[in-house]
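One structure below.
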2 protein chains.
Amino acid sequence: MAAERQNRPTIRQVAAHAGVGFKTVARVVNGEPNVAPATAAKVQKALDELGYVPDESAGSLRRAGGRTRTIGLTISNVANPLAAQIHGGVEAVAMAHNVATFAASLNEDPEAELAHTAAFLRRRVDGLILTAVAASQKYLQRAVDRGTPIVFVDREPVDIHTDRVVVDNAGATKIAIAHLARHGHRRIAHLGDLESIQTARERRRGYLETVRELELHVDEDLLVLDLPDELHAYDATRRLMHSPNPPTAIHSAQNLITIGVVRALRDMGLSRQVALVSFDDIPLGDLLEPAVTVISHDLRRIGQVAAERLFARINGDVSPPRKIVVPTQLLVRGSGEIPAA
Amino acid sequence: MAAERQNRPTIRQVAAHAGVGFKTVARVVNGEPNVAPATAAKVQKALDELGYVPDESAGSLRRAGGRTRTIGLTISNVANPLAAQIHGGVEAVAMAHNVATFAASLNEDPEAELAHTAAFLRRRVDGLILTAVAASQKYLQRAVDRGTPIVFVDREPVDIHTDRVVVDNAGATKIAIAHLARHGHRRIAHLGDLESIQTARERRRGYLETVRELELHVDEDLLVLDLPDELHAYDATRRLMHSPNPPTAIHSAQNLITIGVVRALRDMGLSRQVALVSFDDIPLGDLLEPAVTVISHDLRRIGQVAAERLFARINGDVSPPRKIVVPTQLLVRGSGEIPAA
DNA sequence: CTGAAAGCGCTAACAA
DNA sequence: TTGTTAGCGCTTTCAG
């Protein structure tokens, strides 16, 4: 029942309309030299009258290198503010290169990762910027071997050696925990994201190492892992604070977890008693009371750097794969400086 | 200097490898009938060994209807949390239809609107979901005539008659102002977004009409328009509250403006004196003190509905263009219920 | 059930 | 300066 569609003029129809060979039209469209001004004008007129719109994909079919001037991007979720910042960074660079971006959300679903990368590859994208969600990215080796550059963002991929742009998750966590310890805390809880996420594991590692190094209280109950969302973080916080031996400080290791923790502490009236440092900034974190001390990182920059790396590869850079670490920053705002009871 | 790329097997190479005609391979790849099981197995083996990845764009070149299974989406800014929600809604529907989405940010730049829609059209997207930013969308008429469906989101387009999914901006503003009036306010300020934005003009209209209807104070100083960002909103609020005759309530007509207003009131210590209703929800708006009363709308739903409309058109729906109004909701949280002094 | 021929809209290579 | 021929990787059509 589809409408009569796609009745767009082809280059040959334009040529017929202008009374020239179609190659001449192609020359005008692509700004190639060797067209007499008079001819060019005639062609341009036909172009305008018919409203010619070149078909990029048809062009890239034969074009040397077969570039499609598209890239594919997968992020954890386009509607997650942090992930959206990565998207913004990538997009700015892609736009500057006159390249269109396919964007897709994964929502931590490995199947989605496979499906979307396959779809991008079928569309012959010139490169991929990916957030690793599946347990292994080995399946992408063939694509890399065939010359599709891939840059991973935010998380380290597994079983594949390519460029990646990440932050020092363990190191930054160390700084967060040490900051709390400096304010007298010995019982510090760590609320972590899904263990399937590489950055979550790194943050946990940073926590455990620092607890050992600084000889803080070691207590299984203080380590809460695998929190899938804000609600679970909320419940976990309540349980934690109602336990016989509650922590005096909390390290919440992801933005949504932090929001759950903040809500829970607020509801229990503990916002000003229990110290809190968040890994990831949260929106309006500086306007809450107390304002939330966070480990912040520039996600837009991660996206930008990744895209720049990708375009370098697309343009022939064959240097060894690089791991680029974008700096993090501890933003001291109040919640992290509450002293131990 | 480009690497040796694009050495992917073609359908003919797979056919040679399997010792069959290439049409037989195409049958297997596309799940067409009339292939002997033994032949199919042989072909499948070759497919796997060579790692065949079909070229979607080459396929759509000849395919009936010429569908590319891609759509184009432009939003005000991918990194804006509200716009990202629209993206999320569109994406979910597109994914269900097995269609890839090109996404681009406009940042209120009319040039960007023209450039991106042109780029999408050159890539022969099956449809467009657009946020109107330019003064007129007349330039898209030819694309529509040629059968590329377009659905506008969030803002009404100009000079073109197509499907659109919007909210009742003037009506919702009316509700906001009336809400403030019900709490005794007569001097209500309106801080508005850029006047080039259609929704900003509608919200202003709703404000002015309600002021007249309810016979509230009319004062040019209470109407602050064309605020481009949070910082300008911050400054405008300070100026407003320092004026000889300051308002007792503020209607901030966009999410970023609200954040500027909240910061300013906070810094002036007026958060609990001056009532505030925001058009657009803001992140953690319920955790601020006081929590912010807002006009909220489901942007994810806007994206979803728009995408569903688009796919209906792509699949042949030729009913008259529809204007779909998604409901808004007044979320009463505290800031809007502060009584007049 | 299988395959060969034609052609989608364009670019590349070469001829006039 | 211009036009012609080939062919990109696939789908369509039609012949075996």
Side-chain angles (χ1 to χ4, degrees), chain A residues 5-44 46-47 50-69 121-126 146-147, chain B residues 2 5-44 46-47 50-69 121-126 146:
Chain A
R5 21 186 48 264
Q6 311 300 37
N7 49 346
R8 300 182 180 85
T10 70
I11 209 168
R12 315 185 100 99
Q13 288 174 297
V14 175
H17 190 81
V20 300
F22 75 86
K23 176 70 223 195
T24 302
V25 176
R27 286 200 178 89
V28 173
V29 169
N30 300 318
E32 289 168 34
N34 297 333
V35 181
T39 316
K42 204 167 49 175
V43 170
Q44 190 57 56
L47 248 16
L50 269 49
Y52 175 72
V53 177
D55 184 328
E56 276 249 340
S57 16
S60 54
L61 205 53
R62 190 74 164 79
R63 198 187 342 259
R67 300 263 253 279
T68 55
R69 309 196 72 72
L121 258 9
R122 276 198 306 274
R123 293 195 168 87
R124 297 294 187 264
V125 295
D126 297 334
R146 284 176 178 161
Chain B
R5 16 182 58 263
Q6 312 300 39
N7 49 345
R8 298 182 181 84
T10 70
I11 209 168
R12 316 183 99 98
Q13 289 173 296
V14 174
H17 190 81
V20 299
F22 75 87
K23 176 66 225 196
T24 301
V25 176
R27 286 199 178 91
V28 174
V29 169
N30 299 320
E32 289 167 35
N34 294 335
V35 182
T39 316
K42 205 166 52 177
V43 169
Q44 191 57 56
L47 248 16
L50 269 51
Y52 175 72
V53 177
D55 184 327
E56 275 249 340
S57 18
S60 54
L61 204 53
R62 191 72 163 78
R63 198 184 346 256
R67 301 264 253 280
T68 55
R69 308 195 73 71
L121 257 11
R122 277 198 306 274
R123 293 197 166 85
R124 297 294 187 264
V125 294
D126 297 334
R146 285 176 176 160

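All chains are named by letter (A, B, ...) in the order of the sequence lines, taking the proteins before the strands, and each is independently numbered beginning at 1.
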Confirm from the modelled atom types if A:Arg27 and D:dT1 form a donor-acceptor pair under 3.5 Å, side chain to base only.
no
How far does CZ of A:Arg122 sit from CZ of A:Arg124, to the nearest 0.5 angstrom?
10.0 Å
Separation between CD of B:Glu56 and CG of A:Leu121, rounded to the nearest 0.5 Å
11.5 Å
For the side chain of A:Thr10 and the backbone of A:Gln13, is there at least one donor-acceptor N/O pair under 3.5 Å apart?
yes
Examine distances only and state if a side-chain atom of B:Arg27 and a backbone atom of B:Phe22 form a donor-acceptor pair shorter than 3.5 Å.
no
Nucleotide nearest [X] (side chain, heavy atoms from C-beta), chosen from [options]:
| X | options | answer |
| --- | --- | --- |
| B:Val35 | D:dT11, C:dT2, D:dT2 | C:dT2 |
| B:Asp55 | D:dT11, C:dG9, D:dC10 | D:dC10 |
| A:Thr10 | C:dC10, C:dC1, D:dT11 | C:dC10 |

Does the side chain of B:Thr39 get closer than 4.0 angstrom to OP1 or OP2 of C:dT2 through an N or O atom?
yes
Presence of A:Thr24 side-chain N/O under 4.0 Å of D:dT2 phosphate oxygens OP1/OP2:
no
Write down the distance between [atom1] ([X]) and [atom2] ([N]), rounded to a whole number of angstrom.
| X | N | atom1 | atom2 | answer |
| --- | --- | --- | --- | --- |
| B:Arg63 | D:dC10 | CZ | P | 11 Å |
| A:Lys23 | C:dA13 | NZ | C1' | 9 Å |
| A:Arg123 | D:dG9 | CZ | P | 18 Å |
| B:Arg122 | C:dG9 | CZ | P | 18 Å |
| A:Arg62 | C:dC8 | CZ | P | 17 Å |
| B:Leu61 | D:dG9 | CG | P | 12 Å |
| B:Asn34 | D:dC14 | CG | P | 17 Å |
| A:Phe22 | D:dT1 | CZ | P | 19 Å |

Closest to the 5' end of DNA chain C, once B:Gly19 and B:Ala58 are matched to their nearest nucleotides, is B:Gly19
With a 4.0 Å cut-off on heavy atoms, is B:Pro33 in touch with a base, just the backbone sugar-phosphate, or nothing at all?
nothing
Result of checking A:Val25, A:Asn34, A:Val20 against A:Thr39 for side chain to side chain contact (heavy atoms under 4.5 Å, CB included):
A:Val20
